[in-house]
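Reviewing the structure listed below.
In listed order, ligands and their atoms are each counted from 1. As a basis for the values below, the full set of heavy atoms in this structure was taken, side chains included, without hydrogen atoms, waters or symmetry mates.
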Amino acid sequence: MAELKRLNLISSHILGNFKFETKSNSLDQYRARGKNFNHDLLRRKTFEPFYDMYTLIWDLMKEKPDLYDHSVAADFDREKLKERCHRQIMHLFPKCGLNHELNLKNPIKKISMCLGFCTNDIVLGTRTVVHIVLYTEALTNLGTDKHLNLINRAYTLKDYGCLGMTEIGHGSNVASIEITATYDMATREFVINSPTPTAVKWWIGAVGKTSNMAVIFAQLILKGINYGVHAFAIPIRDYETHKILDGIIIGDCGHKLGVQGIDNGFMIFRNYRVPYDCFLDRFSQVTPEGQFASSIRNNKKRFGTMISCLIRGRVVCIGGMESYARNALTIAIRYGAIRKQFGPDGERSILDYQLHRYRLMPYLARLFASNAATKFVSRLYNSRIPLMRTDPESPLVTEYHWLITVFKSLSTWNAFKTIQECREACGGHGYSTYAGFNKLKQDADVVCTFEGDNNVIIQQAERYILQAAQVRAANKPIASQYLQFINLQPAKPKIECAEHLKHPEVLISLLEYRCNYYLVNAVNKLQENMGRFSDMDSTWNNTQVRYLFVLPQVFGELLMLKELNNFVKELQTSCPATAQIVQSIMLLYGVHVLENESGMIKTQFTENEVRWINDTVIELCNEVGENAVNIMDAVAFPDHVVASVLGHSDGQAYERYTKVVENAPNCYGPPEWINLIHEHRKIFN
Ligand SMILES: Cc1cc2nc3c(=O)[nH]c(=O)nc-3n(C[C@H](O)[C@H](O)[C@H](O)COP(=O)(O)OP(=O)(O)OC[C@H]3O[C@@H](n4cnc5c(N)ncnc54)[C@H](O)[C@@H]3O)c2cc1C
């Protein structure tokens with residue numbers, strides 16, 4: 001009898017208990033309904049300038065399918081996830097062809113690699129970013145020729161590095177970190193110390209288990225005087241034994257909400273001595289006699305330059321979260337076509353329901369907008385990033401900073417919302433780990449916080465936009481080409497009819513008006529508050545909600561609409577049918593932004609205008625929804641990269657889902673804690 005049971009168990013595993021009749025594939029049926037357009041063109045243009053790197057990485061991932069299939073790791077514990085992530089880096093990184101010289105010539109290549117990793121897994125992308133972007137770019141940007149050896153070791157993975165800025169007591173407010181680096185002239189060493197319990201580096205990626213090197217930020221103390229936050233490249237583990245060096249205590253930060261494959265750790269320094277050359281001395285120098293000098297005289301600007309290495313990581317956040325939104329939509333849209341519920345004669349695809357389209361299509365439009373933002377910041381990357389080394393005070397660098405803070409915030413917030421809506425759109429099966437959403441949700445969450453908390457960093461953009469308004473008020477030319485439209489006496493463009501909203505220039509003018517409207521409100525409120533509060537800090541703080549905070553968001557949304565419109569124009573020259581599809585997506589983005597804008601619409605739009613906006617959203621959701629499967633076919637990542645049983649392009653969701661469930665550990669067997677069941681029966685009998 002026992003033998004028979006075991007045989008049944010084995011045959012369940014091998015043959016499976018789920019036999020689906022081969023029905024006509026409803027994903028193909030949905031495909032057949034859509035308009036024709038050039039998928040290949042749209043895919044290439046969407047993934048520019050990363051396309052070649054992406055395809056290289058996707059091909060490499062095929063070499064070891066299990067290493068990138070999320071289902072395989074579904075039951076892994078924290079240690080195993082870290083090990084798996086390290087294996088992935090060892091597999092992919094050396095084959096991507098990065099080196100220091102190439103990075104100086106073509107800095108975007110490194111970002112392409114990290115983004116390529118994020119198409120499958122943000123954990124893999126981030127753990128790589130920590131080393132090759134945060135650590136290595138800090139060396140490159142803040143160090144000098146004497147740090148070249150370290151840079152080369154980083155590119156060949158001899159060293160693995162991390163970047164320690166945050167302390168347990170201070171994260172966003174980096175200027176107030178407490179760890180000190182005191183120069184000892186007698187030995188020509190810096191003494192690194194954590195003077196208080198809050199002066200402990202915390203959350204530092206790759207420090208818990210992996211790194212042997214770190215760039216850490218500390219207050220530079222010379223002859224008792226504090227010269228502010230500076231960076232030091234220091235060894236933290238012995239290269240041969242991987243033991244933590246004397247004078248440092250390192251631990252792992254423990255279990256967290258997501259990104260378990262990253263070994264975030266803490267570091268305590270007990271008068272840890274490092275050689276003179278550990279000081280990264282491009283912008284500030286310490287003479288052997290302990291004299292300070294810096295080419296950047298302004299303390300605030302010098303501090304800004306020190307922490308500017310974060311900007312590159314933020315670019316990866318923008319594109320990486322776009323990838324996560326893309327994967328969520330790939331799953332929800334394909335599943336929406338194959339999943340059938342209710343209907344008048346036979347069941348219909350849930351993607352046919354108006355409500356389902358209204359829930360998903362605006363997010364598809366926002367994905368295209370996020371993609372426009374990623375492409376925009378990437379296009380500027382190769383010209384702006386080298387300036388940070390050679391001319392960090394250039395207005396072009398400042399402009400790039402505000403653009404990045406806006407898009408980092410918008411892209412990460414948008415992805416997080418997209419993932420949640422897509423999960424719900426897949427109902428109960430969306431809740432299975434094998435659908436893919438729990439990895440997307442868990443890992444995406446923290447990107448709103450690390451590399452600078454969105455709510456904090458976006459305030460840089462508020463300042464930048466208000467300065468531009470001041471310049472306009474003084475009738476002087478505004479420096480940034482992206483803010484030329486600023487008008488402090490804006491007039492609302494009139495909407496003539498619903499059809500009028502389908503003209504890109506009308507939507508752009510409405511979104512420009514929206515920016516100017518909020519800008520004037522903010523300027524007026526600031527002026528009013530200046531009379532109420534005694535200092536600028538309180539005035540600023542009390543003008544945030546509804547006035548300042550909204551500015552970067554509305555300006556960012558306008559910029560994305562403009563970029564998306566440029567994308568349509570670019571497609572128009574090669575394939576009008578493809579351009580038309582993207583134009584509908586772009587229009588949906590614009591009208592949906594207006595529809596969401598309850599505050600302004602209430603006071604500025606007529607009843608008719610509101611109705612036209614609402615009607616146009618519905619109409620465009622239907623139009624885009626009808627083509628959504630085909631659109632996703634063109635712009636989704638390959639199946640082995642998305643790695644979701646529900647989101648596969650063959651539409652065989654039930655087959656894949658049940659197969660992976662049957663193969664999961666102990667699907668059919670008795671509980672490993674069977675004795676407790678017997679005990680239970682005895683007690684409650
Ligand atoms: C998984 C993970 C990995 C990380 N990796 C690294 C790493 O490798 N290296 C590193 O140095 N750091 C790392 N960090 C730290 C991360 O960069 C910080 O957590 C982040 O910058 C936010 O700082 P904080 O935690 O101090 O938040 P806080 O600054 O304490 O913010 C808490 C809340 O207060 C709000 N707030 C703060 N100031 C203001 C203000 N002026 N106005 C309005 N609201 C405000 C914020 O919006 C936030 O909601 C990591 C963090 C995590 C969780």
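Under the 4.0 Å criterion applied to side-chain N and carboxylate O atoms, Glu597 and Arg514 are assigned as salt-bridge partners.
In terms of protein heavy-atom proximity, atom 3 (C) of ligand 1 is closest to Asn264 ND2, 3.1 Å. Ser172 OG, 3.6 Å is the protein heavy atom nearest to atom 28 (P) of ligand 1. Protein heavy atom in closest approach to atom 46 (C) of ligand 1: Asp453 OD2, 3.3 Å. With hydrogens left out, the protein atom closest to atom 5 (N) of ligand 1 is Trp203 O, 3.0 Å, a heavy atom. Looking at atom 20 (C) of ligand 1, its nearest protein heavy atom turns out to be Thr449 O, 3.4 Å.
Across Thr166, Val456, Ile457, heavy-atom proximity to atom 18 (C) of ligand 1 is greatest for Thr166.
In terms of polar-atom proximity, defined here as any N/O pair under 3.5 Å, Phe450 makes no such contact with ligand 1. Residue Val259 has no N or O atom closer than 3.5 Å to an N or O atom of ligand 1.
Under the salt bridge (Lys or Arg N to Asp or Glu O under 4.0 Å) criterion, the residue pairs touching residues 150-163 are Arg153-Asp159, with sequence neighbours excluded. Within the structure, the salt bridge (Lys or Arg N to Asp or Glu O under 4.0 Å) test picks out the following pairs touching residues 192-219 (sequence neighbours left out): Glu167-Lys201.
With respect to His230, the ring pair (Phe, Tyr, Trp, His ring centres under 6.0 Å) criterion is satisfied by exactly one of Phe292, Phe190, Phe217, Phe283: Phe292.
For atom 26 (O) of ligand 1, the nearest protein heavy atom is under 4.0 Å away.
Side chain of Thr166 to backbone of Trp202: no donor-acceptor contact under 3.5 angstrom is found. A distance-only check finds no donor-acceptor pair linking the side chain of Thr126 to the backbone of Val123 [under 3.5 Å].
Listed by number with element, the atoms of ligand 1 under 4.0 angstrom from any heavy atom of Ile204 are 7 (C), 8 (O), 9 (N), 10 (C), 11 (O). The atoms of ligand 1 that sit less than 4.0 Å from any heavy atom of Val446 are 1 (C), 2 (C), 52 (C), 53 (C).
Contacts between Leu134 and ligand 1 below 4.0 angstrom, taking non-hydrogen atoms only, are absent altogether.
At a 4.0 Å cut-off, at least one heavy atom of Gln459 sits close enough to ligand 1 to count as contact.
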